[in-house]
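Notes follow the structure.
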Amino acid sequence: MGIADGHGLPVALRTESASPAEVTVVEQTPEERIVPAVPERLIGDKAYHSDGLDQKLMENFGTEMTAPDRSQARPPPAGRPPTRRVPRR
């Protein structure tokens, strides 16, 4: 896992096996930083949306985690019938 700054330069790098979830690895990645300063904010995708992760990063490193909410689904376009749950036979 890698953390990069706004210019794409690496800030922290950590190597793990493929089995642990990225959410658990991201908690430990700031400890392996290359630069002495801890990032103020991290931006992740929907997989990183976790209140527990947000709290741990803030307590341990003072880093704010920003990730889109997984529960916000885009509504279907207007005029489109709802998706059928049972396939036609």
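Any value given below was found using the heavy atoms of this structure, including those in side chains, with hydrogens, waters and symmetry copies removed. Keep in mind the model is a prediction, meaning the values are calculated, not measured.
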Quiz item: For G2 and L13, which heavy atoms make the closest approach, and how far apart are they?
Solution: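 Taking G2 first and L13 second, the nearest heavy atoms are CA-CD2, 3.8 Å.
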Quiz prompt | Minimum-distance pair of heavy atoms, taken over all atoms of V11 and A4 | solution =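 That closest heavy-atom pairing would be CG2-C, 4.0 Å.
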Does the side chain of [Y] come within less than 4.5 Å of [X]'s, by heavy atoms?
X	Y	result
L57	P30	yes
V26	M1	yes
L42	I3	yes

Quiz prompt | Residue pairs, two or more places apart or on separate chains, that pass salt bridge (charged side-chain N to carboxylate O under 4.0 Å, His left out) and touch residues 1-17 | solution =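 Residue pairs passing salt bridge (charged side-chain N to carboxylate O under 4.0 Å, His left out), neighbours aside: R14-E16, R14-E32.
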Quiz prompt | side-chain contact (heavy atoms from CB on, under 4.5 Å) evaluation trace for E64 with M58 | solution = CA-CA 6 Å; E64 177 186 0; M58 186 56 80; 4.0 Å; yes
Quiz item: Should I43 and M65 be counted in the same cluster of Ile, Leu, Val, Met, Phe, Trp and Tyr side chains packed under 4.5 Å apart?
Solution: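 Different hydrophobic clusters.
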Quiz item: What distance separates R33 CZ from T29 OG1, expressed to the nearest 0.5 Å?
Solution: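 Separation between the atoms: 11.5 Å.
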Quiz prompt | Test: K56 and E27 ion pair at under 4.0 Å | solution =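 Here K56 pairs with E27 in a salt bridge, since their nearest N and O are under 4.0 Å apart.
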Practice problem: Tell me, with the steps shown, if T63 and E40 meet side-chain contact (heavy atoms from CB on, under 4.5 Å). | Solution: CA-CA 5 Å; T63 302; E40 294 176 14; over 6 Å; no
Quiz prompt | Partners passing side chain to side chain contact (heavy atoms under 4.5 Å, CB included) against S17 (at least two apart in sequence or in another chain) | solution =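 Per chain and number, S17 pairs via side chain to side chain contact (heavy atoms under 4.5 Å, CB included) with S19, P20.
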